[in-house]
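Everything below concerns the one structure shown next.
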Amino acid sequence: MIHLTRIFTAGLTVLVALLLFIAPAAEGQPAGKAWRIGYLTPSDIPMETLIAALRELGYVEGRNLRFEIRTAQNDLDRLPELAAGLVRSPVDIIVAVSPPAIIAAKRATPTIPIVMGFWGREGLIESGVVASFSRPGGNVTGVYMLAHELDVKRFELLLEAVPKARTIAVLNPGGGWNVSRTTEGIRQIAESHGTKVLTSDVPGPGGYDATFAAMGKAKVEAVLVPSFPRFYREYRLIVEAAAKHRIPAIYEWGDMARGGGLIAYGPVIAELNRRVATYVDKIVKGAKPGDLPVEQPTKFELVINLKTAKALGITIPQTLLLRADEVIE
């Protein structure tokens, strides 16, 4: 009897340990299913924070999650076929990053759930992607990122940081994308400050140095790097070119200032990806995308790099420094 009790106790201990190990990943999920997540983007965008957020919810790539990644390599014309390929594969959910990818995914399937990560321009409802923010309807929901609105805010911050600037350029990523709507929003502000706004096209991954050199010859005194996936992926090249040609620039994500950019203002990308992961989790557990309200970011950060300011010979006004969430010295 003693030996049987020991065997039973040991077996029970192993069983409990096994259940504790698998419970986080299995909670609310069909047993044994590996969810196929399509990831559609116009360019190579780091996924670390999204993967980390999904892991917090119990999803582990290779165990109960598989990614099918499709990137257009900055050629937006490729997105429709890439989206169609994900539908044919097939996948259970599509995470589409940026409006061109979201629209391509929406046109490719009326049934596979699509999580926006992130819609970054106006016209979400007008484009037919969702019926409304509170009740999207259809198969699309996700995060609306306020990109155009925040680009205007970034322009205002750039004017505060470099108040004597009389010519400011806005980078245009090319590849079929146009920042004219962004420049429309800032021209009125620029005129009231006596500032001229130019648009500078970037021809390719190696084109930043030539672009900033041309801006230097045109007497550009500051640059707005607008919201666009390519600029996030290649921001180190932009920071390097801006430093080489001694032109101050403002960026979208905090990491871009931490990586050597002068100023960054925008949502916290880890928080946005946490929201995207939450949408994926809810859909896996049975929620319909059309019933999940579209969310907007609620947490923003202003990061100022004083090391870069010093290297550029710029003195950031104290009023701006006091409003910063992080100052790098």
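Please read these numbers as outputs of a predicted model, since none were measured by experiment.
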Pair Arg323-Glu160, side chain to side chain contact (heavy atoms under 4.5 Å, CB included): steps then yes or no: CA-CA 12 Å; Arg323 289 173 11 227; Glu160 284 190 62; 3.0 Å; yes
Would Leu50 and Val276 satisfy side chain to side chain contact (heavy atoms under 4.5 Å, CB included), going step by step from the backbone distance to the final call? CA-CA 8 Å; Leu50 175 59; Val276 171; 3.9 Å; yes
Taking it one step at a time, do Glu252 and Ser227 satisfy side-chain hydrogen bond (donor to acceptor under 3.5 Å, both in side chains)? CA-CA 6 Å; Glu252 177 179 19; Ser227 173; 2.8 Å; yes
Applying side chain to side chain contact (heavy atoms under 4.5 Å, CB included) to Tyr208 and Val202, what does each step give before you reach the verdict? CA-CA 6 Å; Tyr208 293 108; Val202 182; 3.6 Å; yes
Apply the test side chain to side chain contact (heavy atoms under 4.5 Å, CB included) to residues Leu40 and Val97: give CA-CA distance (whole Å), side-chain angles for both, the deciding distance (0.1 Å), then the verdict. CA-CA 6 Å; Leu40 182 66; Val97 180; over 6 Å; no
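Formation of a donor-acceptor pair under 3.5 Å by the Arg36 side chain with backbone atoms of Asp92 is not found in this model. Looking at Thr308, its side chain never comes within 3.5 Å of a backbone N or O of Ala257 through a donor-acceptor pair. Judged by distance alone, with hydrogens and angles left aside, the side-chain atoms of Asp209 form no donor-acceptor pair with the main-chain N or O of Ala241 at under 3.5 Å. No donor-acceptor pair closer than 3.5 Å links the side chain of Asn172 to the backbone N or O of Thr199. Listed for the Tyr39 side chain is no donor-acceptor partner under 3.5 Å among the backbone atoms of Val95. At distances below 3.5 Å, not a single donor-acceptor pair connects side-chain atoms of Arg233 with backbone N or O atoms of Ser43. Between the side chain of Asn305 and the backbone N or O of Leu262, no donor-acceptor pair lies under 3.5 Å. Panel note: side chain Thr141, backbone Leu292; a donor-acceptor pair is recorded below 3.5 Å.
Rounding to the nearest 0.5 angstrom, the gap separating the CD1 atom in Ile69 from the CD1 atom in Ile37 is 11.5 Å. Separation of atoms CD1 (Ile114) and CD1 (Ile102) is listed at 9.0 Å; rounding is to 0.5 Å. Note that NZ of Lys33 and CG of Leu65 are 11.0 Å apart. Values are rounded to the nearest 0.5 Å. Atoms CD1 and CH2, on Ile283 and Trp35 in that order, are 10.0 Å from each other to the nearest 0.5 Å. Rounded to the nearest 0.5 angstrom, Thr211 OG1 and Leu237 CG are separated by 11.5 Å. A distance of 9.5 Å separates CG in Leu54 from CD in Glu56, rounded to the nearest 0.5 Å.
Under a hydrophobic clustering in which Ile, Leu, Val, Met, Phe, Trp and Tyr are joined whenever their side-chain heavy atoms come within less than 4.5 Å, directly or via other members, Val268 and Met256 fall into different clusters. Cluster membership for Met47 and Tyr232, using ILVMFWY side-chain heavy atoms within less than 4.5 angstrom, is shared. Trp253 and Val303 end up in different hydrophobic clusters when Ile, Leu, Val, Met, Phe, Trp and Tyr side chains are linked at under 4.5 Å. Both Val91 and Val87 sit in one connected hydrophobic cluster of ILVMFWY residues. Membership requires side-chain heavy atoms under 4.5 Å apart, directly or through other members. In terms of hydrophobic clustering, with Ile, Leu, Val, Met, Phe, Trp and Tyr side chains grouped at heavy-atom distances under 4.5 Å, Ile112 and Val130 are assigned to a common cluster.
For the pair Ile168/Leu159, a side-chain contact is recorded, criterion being any heavy-atom separation below 4.5 Å from C-beta on. Put simply, the side chain of Pro289 does not reach to within 4.5 Å of the side chain of Val115, judged on heavy atoms. Looking at Met116 and Tyr279, their side chains never come closer than 4.5 Å, going by heavy atoms from C-beta outward. With a 4.5 Å cut-off on side-chain heavy atoms, Thr41 and Ser98 do not count as touching. Gln318 has its side chain within reach of Leu321: a pair of non-hydrogen atoms, C-beta onward, lies under 4.5 Å apart.
Residues Leu312 and Pro248 share a closest heavy-atom pair of CD1-CA, 3.8 Å. The nearest pair of heavy atoms linking Ile304 to Ala324 is CD1-CB, 3.9 Å. For Leu79 against Ala72, the heavy-atom pair with the smallest separation is CD2-CB, 3.8 Å. The minimum heavy-atom distance linking Ala165 with Thr195 is given by the pair O-OG1, 3.3 Å. Contact record, Leu320 with Ala161: CD2-CB, 3.9 Å, taken as the closest heavy-atom pair. Contact record, Pro267 with Leu150: CD-CD1, 3.7 Å, taken as the closest heavy-atom pair.
No side-chain N or O of Lys288 forms a donor-acceptor pair with one of Asn139 less than 3.5 Å apart. Side chains of Tyr59 and Asp281: a donor-acceptor N/O pair is present below 3.5 angstrom, by distance only.
In this structure, Glu191 does not pair ionically with Lys196, as no charged nitrogen and carboxylate oxygen lie closer than 4.0 Å. Using a cutoff of 4.0 Å between basic side-chain nitrogens and carboxylate oxygens, Arg154 and Asp151 are scored as salt-bridged. Taking 4.0 Å as the cut-off between side-chain N and carboxylate O, Arg66 and Glu68 count as a salt-bridged pair. Taking 4.0 Å as the cut-off between side-chain N and carboxylate O, Glu326 and Arg258 count as a salt-bridged pair.
Ring geometry, His245 versus Phe212: the interplanar angle falls under 30°, so the pair is classed parallel (tilted spans 30 to 60°). Using cut-offs of 30° and 60° for the angle between ring planes, the Phe300 and Tyr265 rings count as parallel.
Shown here is Arg55, whose CZ atom has no more than 12 heavy atoms of other residues, nucleotides or ligands within 6.0 Å. Heavy atoms of other residues, nucleotides or ligands lying less than 6.0 angstrom from CZ of Arg236 number 12 at most. Atom NZ of Lys282 has 12 or fewer neighbouring heavy atoms from other residues, nucleotides or ligands inside a 6.0 Å radius. For Glu240, the CD atom sits in a loose shell: 12 or fewer heavy atoms of surrounding residues, nucleotides or ligands are nearer than 6.0 Å.
Ring-centre distance between Tyr144 and Phe133: below the 6.0 Å cut-off.
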Atom pairs and distances, side-chain donor-acceptor, residues 215-224, under 3.5 Å, sequence neighbours left out:
from: Glu221; atom 1: OE1; to: Arg166; atom 2: N; distance (Å): 2.6
from: Glu221; atom 1: OE1; to: Thr167; atom 2: N; distance (Å): 3.1

